[in-house]
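Every chain is numbered from 1, with letters handed out A, B, ... down the list of sequences.
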Amino acid sequence: MSTNTDLAKMFHTMATILEIKGENAFKISANTKVARALEDMVEDVGELDDITSISGIGKSSAKKIQQYTKTGKMYDYDELVKSIPSGLLDIMNVQGIGAKTVRRLWKEIDVVDIQTLKEAITDGRLESLPRMGAKTIQNISESIEFLASNADRTRIGIALPIASRLINHLKTIKGVTKITFAGSLRRGMETIGDIDILASTSDESLLAKQFCEMQDVEKILAQGKTKCSVRLNAGMQVDLRIVDKDKFGAALLYFTGSKEHNITLRERAISQKKKLNEYGLSPSNISCTEEAIYADLELPWIPPEIREDHGEFSVSKSHSLITISDICSDLHCHTTASDGHMSIEELGKMGMQLGYHTIAVTDHSQAQGQANGLKPDRLRRQIDSIHEINESMQGITILAGSEVDILPDGTLDFDDELLEMLDIVVASPHAALQQKTAEATKRLLAAIEHPLVHIIGHPTGRIINKRKGLELDIPSIVAAAAEHQTALELNSNSHRLDLRDTHVRATCDGNAFLAINTDSHHPEDFDQLQFGILTARRGWATPRDCINCMKHDELQTWLCRNC
DNA sequence: GCCGTTTTCGGCCCGACTGTTTTCAGTCG
């Protein structure tokens with residue numbers, strides 16, 4: 001698993017070094033493409049018979065990959081890394097500095113890393129380079145400072161509310177007729193680099209001005225007639241594009257991306273003797289809506305979440321992605337009995353409010369002492385109370401469950417006799433999240449194969465930007481989950497989103513069930529479902545793949561599949 | 001470096017903005 005990640009990093013690095021060295025641009029993008037292909041693979045690339053069967057990976061890269069999987073070394077990579085000072089790669093991350101500048105910094109004034117770049121600014125050497133005026137140097141200084149404090153991309157759970165707030169504000173500006181967000185946010189990615197906002201207005205300069213003067217703008221990065229760019233106090237960059245109302249669709253398509261989707265779409269246009277850009281499709285002159293542009297290219301409208309050039313151009317019309325309204329149960333929630341903030345009754349009422357037919361109480365098991373995990377006797381008493389409350393509450397089924405720890409050796413935190421008393425068992429890894437792939441996979445397989453386990457909760461245990469989590473052998477996990485009818489959870493919490501998009505795709509492709517839960521501890525946590533759904537859609541999930549979309553009786557039957 | 005119902009060679013997406021320049025290179029998305 002981590003071989004793919006390691007290799008992807010190496011190909012990214014090779015691409016960057018080639019760029020600094022001024023190599024052929026297509027060779028550079030070919031390397032980036034290989035890196036991306038590796039990042040998106042769930043099976044270990046070393047297991048493949050023919051690596052070149054993957055689109056974007058040709059003979060040359062396949063040979064390099066093979067050399068690495070066999071020997072742990074890649075000759076071409078090592079040679080490239082040796083050919084430049086390693087600190088130059090860090091300089092490439094400074095906004096406003098590209099490959100050409102890095103090359104000149106290195107060759108002409110001996111700058112080899114961020115530190116020597118800072119020194120060159122202080123002692124005035126930077127000024128000696130062509131096109132290095134006071135303003136440019138000031139921007140570079142600020143970018144270096146910004147880079148030091150903001151290394152991570154922003155979680156969608158942070159970015160989406162900010163974007164909504166900005167749009168609600170900008171909507172009120174006179175002349176604005178249409179406004180929405182695009183980019184990776186619209187594609188529902190788990191982390192966002194910057195917020196892209198697209199707008200139509202009768203007064204362009206007013207909108208641009210007001211945008212740059214918004215309260216939380218820390219710095220204006222660019223301010224043109226049709227494009228403005230600012231950085232917020234929160235650290236996020238926000239780009240505003242102002243476009244003609246009747247070209248909104250073309251612009252939305254273009255700025256939603258992904259870049260790879262756009263490139264393939266444009267190549268498709270060219271092959272049909274057409275030309276596509278952000279202003280429309282010529283010669284047919286179509287630009288108003290995305291639907292019309294796709295239709296003219298003989299394609300159905302493609303949902304933003306799957307616009308990654310991962311096969312969406314041949315997706316069948318009947319492949320209708322899951323939506324939030326398909327969800328009619330939440331099977332992983334906590335109460336005050338462990339570390340939640342709702343009572344069983346409150347949870348039941350919440351479920352009814354959301355229109356669910358079923359909600360599950362799944363408090364932590366005894367191993368989670370810090371989360372006030374339940375010991376067997378407390379759990380037995382809780383099961384009784386849940387059943388009592390369930391009897392008295394009309395309109396919803398409250399399941400007695402547990403989020404039982406999968407201990408490091410793969411055994412569960414409660415014995416079978418107790419587990420048998422539960423309506424639903426969510427088994428999750430919480431500790432020992434540093435385990436190696438083989439051990440971690442064996443651990444989860446044991447839980448998947450356990451006849452009393454219904455769902456594997458947040459299978460990898462990762463926390464976005466904070467903790468890598470278990471690097472599982474996903475194909476084996478999915479195969480076992482399909483065989484034993486155990487669902488794999490997509491935990492909707494925006495800190496987790498675990499399974500991640502590519503894992504979701506593997507799960508659905510492998511005919512295993514997905515469970516999309518919120519893991520709610522507070523009433524407002526139920527809102528996190530939107531992030532789970534976006535991630536599920538990115539993984540091409542349909543309602544048929546997800547147990548939370550089952551009707552009441554169907555779910556009951558599934559819960560009793562091993563009874 | 002990759003790819004091919006036009007092609008095994010010759011292409012490979014395209015435009016806006018900045019800062020510096022005095023017509024455009026570099027960067028970004």
Side-chain angles (χ1 to χ4, degrees), chain A residues 11 14-15 18-20 22-37 51-65 76 80 91-105 126-127 129-140 142-143 182-187 192-198 204 208 212 219-231 237-243 247 250-251 253-282 309:
Chain A
F11 276 93
M14 288 195 283
L18 291 170
E19 217 184 333
I20 294 171
E23 288 275 352
N24 175 295
F26 300 108
K27 188 171 167 181
I28 296 164
S29 80
N31 275 280
T32 308
K33 234 180 185 172
V34 172
R36 237 182 83 93
I51 304 174
T52 59
S53 64
I54 294 168
S55 163
I57 303 185
K59 264 190 195 163
S60 166
S61 297
K63 218 169 135 189
K64 290 175 195 164
I65 292 169
D76 286 359
L80 270 177
I91 302 181
M92 283 293 280
N93 294 324
V94 177
Q95 192 166 38
I97 298 186
K100 296 205 168 140
T101 308
V102 167
R103 184 178 162 77
R104 221 192 267 136
L105 287 169
L126 200 58
E127 277 176 72
L129 293 182
R131 307 188 71 85
M132 275 294 168
K135 194 93 192 246
T136 303
I137 292 175
Q138 174 68 25
N139 283 340
I140 290 174
E142 285 175 15
S143 295
S184 50
L185 193 54
R186 183 163 181 245
R187 299 203 311 281
I192 309 298
D194 48 33
I195 297 172
D196 292 298
I197 296 177
L198 198 63
E204 292 169 4
C212 292
K219 182 178 166 60
I220 300 169
L221 301 170
Q223 183 171 8
K225 244 184 80 171
T226 63
K227 184 189 164 187
C228 300
S229 208
V230 298
R231 192 155 60 222
Q237 182 176 324
V238 187
D239 295 340
L240 172 70
R241 310 279 182 151
I242 303 173
V243 301
K247 295 195 169 64
L253 180 61
Y254 180 79
F255 292 114
T256 296
S258 66
K259 190 177 166 187
E260 290 74 16
H261 179 87
N262 285 352
I263 288 175
T264 303
L265 206 58
R266 279 200 205 139
E267 284 168 353
R268 187 183 178 96
I270 290 167
S271 75
Q272 296 179 11
K273 310 255 182 264
K274 296 167 188 165
K275 194 184 135 166
L276 178 66
N277 61 21
E278 67 241 62
Y279 301 109
L281 186 61
S282 53
D309 196 19

When the [atom1] atoms of [M] and [N] are compared, how many Å lie between them, rounded to an integer?
N      : M      : atom1 : value
B:dC12 : B:dC17 : P     : 25 Å
B:dT23 : B:dG29 : C1'   : 24 Å
B:dA16 : B:dG11 : C1'   : 26 Å
B:dG1  : B:dT6  : C1'   : 22 Å
B:dT8  : B:dC14 : C1'   : 28 Å
B:dT20 : B:dA25 : C1'   : 9 Å
B:dT21 : B:dT27 : P     : 15 Å

Looking only at side-chain atoms of [X], point me to the closest of [options].
X        : options                : answer
A:Glu278 : B:dG29, B:dG15, B:dT18 : B:dG15
A:Asn277 : B:dG29, B:dT27, B:dC14 : B:dC14
A:Lys273 : B:dG29, B:dT6, B:dG1   : B:dT6
A:Thr101 : B:dG29, B:dT27, B:dA16 : B:dT27
A:Lys135 : B:dT18, B:dG29, B:dT20 : B:dT20
A:Lys100 : B:dG26, B:dG15, B:dC2  : B:dG26

[N] phosphate, OP1 or OP2, under 4.0 Å from [X] side-chain N/O:
X        : N      : answer
A:Lys59  : B:dT8  : no
A:Arg104 : B:dG26 : yes
A:Ser29  : B:dC12 : no
A:Thr226 : B:dC17 : yes
A:Tyr279 : B:dA16 : yes
A:Ser61  : B:dC2  : yes

task = Using both distances under 3.5 Å as the test, list the Watson-Crick or G-U wobble partner of B:dA16, or none.
result = B:dT27

Atom [atom1] of [X] and atom [atom2] of [N]: how far apart are they, to the nearest Å?
X        : N      : atom1 : atom2 : answer
A:Ile137 : B:dT20 : CD1   : P     : 8 Å
A:Glu204 : B:dA16 : CD    : C1'   : 13 Å
A:Lys227 : B:dT18 : NZ    : P     : 8 Å
A:Arg268 : B:dT5  : CZ    : C1'   : 13 Å
A:Met14  : B:dC2  : CE    : P     : 10 Å
A:Leu129 : B:dT21 : CG    : C1'   : 16 Å
A:Arg231 : B:dG29 : CZ    : P     : 12 Å
A:Ile270 : B:dT7  : CD1   : C1'   : 15 Å

task = Tell me which of A:Thr136 and A:Ile57 sits closer to the 5' end of DNA chain B, going by the nucleotide each one is nearest to.
result = A:Ile57

ask   = Taking for each residue the nucleotide of DNA chain B with the nearest heavy atom, is it A:Ile263 or A:Phe255 whose nucleotide lies nearer the 5' end?
value = A:Ile263

Contact class for [X] vs. all strands (heavy atom < 4.0 Å): base, sugar-phosphate, or nothing?
X        : value
A:Ile97  : sugar-phosphate
A:Gly193 : nothing
A:Ala15  : nothing
A:Ser229 : nothing
A:Ala269 : nothing
A:Asn139 : sugar-phosphate

message = Side chains of A:Gln237 and A:Ser229: any donor to acceptor distance under 3.5 Å?
response = yes

request  = Take atom NZ of A:Lys64 as the centre, draw a 6.0 Å sphere, and report whether it contains more than 12 heavy atoms from other residues, nucleotides or ligands.
outcome  = yes

Answer yes or no: is there a donor N or O on one side and an acceptor on the other, between the side chain of [X] and the main chain of [Y], under 3.5 Å?
X        : Y        : value
A:Ser143 : A:Asn139 : yes
A:Ser29  : A:Phe26  : yes
A:Asp196 : A:Ala182 : no

ask   = Is there side-chain contact between A:Ile91 and A:Leu105, with at least one heavy-atom pair below 4.5 Å?
value = yes

remark   = So CZ of A:Arg187 and CD1 of A:Ile192: to nearest 0.5 Å the spacing works out to 8.0 Å

note = Between the CD1 atom in A:Ile137 and the CG atom in A:Leu126, the distance rounded to the nearest 0.5 Å is 4.5 Å

inquiry  = What I want to check is whether an N or O donor and acceptor connect the side chain of A:Tyr254 with the base of B:dG29 at under 3.5 Å.
reply    = yes

